[in-house]
Amino acid sequence: MTDPTTVTDLAALTDPTTLADPTTAWAVVAVVGALVALNGVTVLAYALDKRAARRGARRVPERTLLTLGLTGGWPGAIVAQRRLRHKTRKRSFQSSFRLTVALNLAIVVVVVLVVRLSSG
């Protein structure tokens, strides 16, 4: 069993038996809260870009949208793309977006595996 006494112990976050520990529970709440906020910001960025596109105003750079997805905001990006019907037909963007989703998921898997292996 992992030592759940430190918030930075990622193995504790992936071990269901440690969720009863208040420190670990707060860490999980913090991570989930950060992801919810990031996805909210991502949806807002897509909405602002859609609005700017309609008005012919300065757009949100695609690099920004892709970076938000790469850092964990890709679920919000998918929701925004579908609900706003934005960035769904541009193939080059969709290819890059899919790559950022795959990279994000790969990074998460590697981090979890490394933490699991290092914790014994």
Side-chain angles (χ1 to χ4, degrees):
M1 186 155 135
T2 59
D3 178 15
T5 58
T6 62
V7 177
T8 58
D9 185 1
L10 292 177
L13 297 177
T14 60
D15 184 358
T17 62
T18 63
L19 288 178
D21 178 64
T23 303
T24 303
W26 279 110
V28 170
V29 168
V31 169
V32 169
L35 285 172
V36 168
L38 176 60
N39 279 276
V41 167
T42 302
V43 170
L44 179 62
Y46 274 82
L48 291 172
D49 188 51
K50 176 73 174 193
R51 187 168 118 185
R54 285 184 174 163
R55 294 179 174 188
R58 188 166 187 226
R59 307 277 302 272
V60 175
E62 285 187 357
R63 177 174 284 193
T64 300
L65 299 175
L66 292 170
T67 300
L68 286 167
L70 177 64
T71 58
W74 60 266
I78 291 172
V79 169
Q81 287 174 20
R82 292 191 177 158
R83 299 229 17 166
L84 301 171
R85 295 184 182 161
H86 189 55
K87 295 288 189 185
T88 57
R89 292 174 34 174
K90 189 172 182 185
R91 289 186 181 197
S92 63
F93 180 84
Q94 283 299 309
S95 295
S96 297
F97 176 71
R98 288 184 188 111
L99 179 62
T100 63
V101 172
L103 284 172
N104 176 267
L105 293 173
I107 290 167
V108 169
V109 167
V110 167
V111 168
V112 170
L113 289 174
V114 166
V115 168
R116 287 281 188 178
L117 291 174
S118 68
S119 66

For a quick test of reading the model, state the closest non-hydrogen atom pair linking N39 to P75 and the distance between them.
OD1-CD, 3.3 Å
By the definition side-chain contact (heavy atoms from CB on, under 4.5 Å), identify the one residue from L66, T71, L105 that meets it with T100.
L66
Connected via hydrophobic side-chain network under 4.5 Å: L84 and L44
yes
Please say which of Q94, H86, K50 ends up in a side chain to side chain donor-acceptor pair (under 3.5 Å) with Q81.
Q94
Is it possible for you to say whether W74 and V60 belong to one hydrophobic cluster, with membership spreading through side-chain heavy-atom contacts below 4.5 Å?
yes
Are I78 and F97 packed together at the side-chain level, in the sense that at least one heavy-atom pair is separated by less than 4.5 angstrom?
yes
V43-V101 co-clustered via ILVMFWY side chain contacts under 4.5 Å
no
For A52 and R58, the nearest pair of non-hydrogen atoms, with its separation, is CB-O, 3.3 Å
Under 4.5 Å between side-chain heavy atoms, hopping through other hydrophobics if needed: is there a path connecting L99 to L70?
yes
Are Y46 and V36 linked, directly or through intermediate hydrophobic residues, by side-chain heavy-atom contacts shorter than 4.5 Å (ILVMFWY only)?
no
Quick check: closest heavy atoms across A45 and L68, and the distance to 0.1 Å?
CB-CD1, 3.7 Å
Test side chain to side chain contact (heavy atoms under 4.5 Å, CB included) on K87 and D49 and set out the steps.
CA-CA 10 Å; K87 295 288 189 185; D49 188 51; 3.5 Å; yes
